Amino acid sequence: MIAYPYFCQNTSSLAASVAIVILNFNGRNYLEKFLPSVVASTYSNKKIVVADNASTDESVDFVRSHYPSVEVIINTQNDGFAGGYNWALQHVEADYYILLNSDVEVPEHWIEPVIALMEKDASIGAAQPKMISYSDRDSFEYAGACGGWIDCLGYPFSRGRIFDVLEKDNGQYNTVQDIFWATGAALFIRSNIFHQLKGFNASFFAHQEEIDLCWRIQLAGYRIVVVPDSKVFHVGAGTLPRGGRKVFLNFRNNLMMLYNNLPVKQRILTIGMRFALDAISAWKGLFTGDIDFFKAIVRAHWAFTIWILSGKKQLAPNALPIKKLKGVYKGPIVWEYFIKKKTRFGQIVKGG
């Protein structure tokens, strides 16, 4: 894994144009609380866009009345995170997009370090800042922490977050590093790459669509990095509730991502192993009384099977064995975590 010097540069006069695009769905309270920090960002060549995903609250009226400098575009239906951003970014022009969740507080100089590095290195297709918990300023946040990784079976984890365990931020990951995926909560991406790759896979609706996109970015020959000199504070959902739509989407979408991006032989082996491991998780949930978790996984496997038969697959034309990509742990993270009881990224990935 390549390590780069810790990068810090105040370059508010950078020429590259940046569009901060906040996808909103009934998020008036978050916009009221966090949009002021976004507006106060010091990067000069920026615009802020709130893309509304058919909200039924007062989000649009609030932004228009309190922040006339913020552009508002309105979708007539809720297309989820994936489809919503695909729709929104068709209407936004800039050199770089920053896809920012509405529940993120940003400091004034959070944009400059990332854009300066991406301008310096054309091989970087996407990046993320360090994600810190809004409620616990000493800890990493669940969604991305300090850069996303993946294991050989497709389980995502992060520098600073293994499954549900969040590390304290003691500066242990304060170097720019190649990663497998950058969080969709604060995703910096070159606009031409987003459109070249046709954006997110809209079939995902929500959850893990950014991992799928970052996978395709790597297959296209670009790198994904984390820039810890940029630090933002995310409210987030924390660990997902044990059951329901979120669990369904995570399990289904992960399998779809593996199917689309792995070479044929590895696809068959990996998905077979994942079906078995998912079944173990489902039955464990059932035996411990969590029937919603069990049902969510069963529905995810059934929906995945229907998806394969539907012909809606989007197979990567340049698929590579996953171990050839950056930010991949070549062993199974479930073994390290559940059997060997390793709960910190640095215990599992040496030098990471």
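Since we're looking at a predicted model, the values are computed, not measured.
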Hey, does the Lys NZ or Arg CZ of Arg299 hover above the aromatic six-ring of Phe248, less than 6.0 Å from the centre and inside 45° of the axis? yes
Checking Asn174 against Lys130: is there a side-chain donor and acceptor pair closer than 3.5 Å? yes
Main chain of Lys246, side chain of Asn250: is a donor-acceptor contact present, judged purely on distance under 3.5 Å? yes
Gap separating the CG atom of Asn261 from the CG atom of Leu258, nearest 0.5 angstrom: 8.0 Å
With no hydrogens and no angle check, is any side-chain donor or acceptor of Arg267 less than 3.5 Å from a backbone partner on Tyr259? yes
Side chain Gln218, main chain Lys326, donor-acceptor under 3.5 Å: yes
Answer whether the closest heavy-atom distance between the side chains of Ile322 and Trp215 falls below 4.5 Å. yes
Would you say the side-chain atoms of Thr288 and Asp290 include a donor-acceptor pair closer than 3.5 Å? no
Please walk me through it: do Phe157 and Phe163 pass ring-ring contact (aromatic ring centres under 6.0 Å, His included)? CA-CA 6 Å; Phe157 60 105; Phe163 288 106; 8.1 Å; no
Pairwise side chain to side chain donor-acceptor pair (under 3.5 Å) hits with a residue in residues 304-321, at least two apart: none
Rounded to the nearest 0.5 Å, the CG atom of Asn201 sits from the CD atom of Glu209 at a distance of 9.5 Å
Does the ring of Tyr222 carry Arg216 above it, NZ/CZ under 6.0 angstrom from centre and within 45° of its axis? no
Pair Phe140, Tyr173 - check ring-ring contact (aromatic ring centres under 6.0 Å, His included), show working. CA-CA 11 Å; Phe140 290 107; Tyr173 306 121; 5.8 Å; yes
Below 4.5 Å, heavy atoms only, C-beta onward: do Val225 and Arg223 meet side chain to side chain? yes
Is there side-chain contact between Ser41 and Val106, with heavy atoms separated by less than 4.5 Å? yes
Is there a side-chain contact between Cys152 and Lys330 in this structure, where contact means two heavy atoms from C-beta onward sitting under 4.5 Å apart? no
Between Thr42 (side chain) and Glu108 (backbone), is there a donor-acceptor pair under 3.5 Å? yes
Backbone N or O of Phe62 within a donor-acceptor pair of the Arg28 side chain at under 3.5 Å? no
Do you know which two heavy atoms are closest between Leu187 and Ala126, and how far apart they sit? CD1-CB, 4.1 Å
Establish, yes or no, whether a centroid distance under 6.0 Å links the rings of Phe345 and Trp149. yes
So does Arg344 get a backbone contact from the side chain of Gln347, meaning a donor-acceptor N/O pair under 3.5 Å? yes
Just how far is it from atom OG of Ser59 to atom CG of Asn53, taken to the nearest 0.5 Å? 11.0 Å
What about Phe200 and Phe81, are their ring centers closer than 6.0 Å? yes
Check: Asn45 side chain, Ala15 main-chain N or O, donor-acceptor pair, under 3.5 Å: yes
Sub-4.5 Å side-chain heavy-atom contact between Arg274 and Asn254: yes
Look at the rings of Tyr134 and Phe34 and say which category their plane angle falls in: under 30° parallel, 30 to 60° tilted, over 60° perpendicular. perpendicular
Lys/Arg cation over aromatic Tyr97: Arg190, 6.0 Å, 45° cone: no
CH2 of Trp181 to SG of Cys214, rounded to nearest 0.5 Å, is 8.5 Å
Determine whether Ile22 and Val49 make a side-chain contact, defined as any pair of heavy atoms from C-beta on separated by less than 4.5 Å. no
Look at the side chain of Lys340 and the backbone N and O of Tyr337, then say whether any donor-acceptor pair between them is shorter than 3.5 Å. no
Donor on one side chain, acceptor on other, Asp79 and Gln77, under 3.5 Å: yes
Please determine, by modelled atom types, if Asn24 and Asp52 share a side-chain donor-acceptor pair under 3.5 angstrom. yes
CZ on Phe25 to CG on Asn78, rounded to 0.5 Å: 4.5 Å
Any side-chain donor-acceptor pair under 3.5 Å between Asp136 and Ser139? yes
Roughly how far apart are Leu100 CG and Ile111 CD1, rounded to 0.5 Å? 9.0 Å
When you measure from the centre of the six-membered ring of Phe205, is the NZ or CZ of Arg252 under 6.0 Å away and within 45° of the axis? no
For His301 together with Phe275, are the ring centres under 6.0 Å from each other? yes
Determine whether a donor-acceptor pair (N or O, by modelled atom type, separation under 3.5 Å) exists between the side chain of Glu336 and the backbone of Lys341. no
Distance-only side-chain donor-acceptor flag, Glu119 / Tyr96, under 3.5 Å: yes
Non-hydrogen side-chain atoms of Met257 and Ile150 separated by less than 4.5 Å: yes
In short, Ala319 meets Leu262 closest at the heavy-atom pair CB-C, 3.9 Å
Starting from Leu286, can I reach Val247 by hopping between I/L/V/M/F/W/Y residues whose side chains sit under 4.5 Å apart? no
Can you tell me if Ser17 uses its side chain to pair, donor with acceptor, with the backbone of Asp95 under 3.5 Å? yes
Would you find more than 12 non-hydrogen atoms of other residues, nucleotides or ligands less than 6.0 Å from Gln196 atom CD? yes
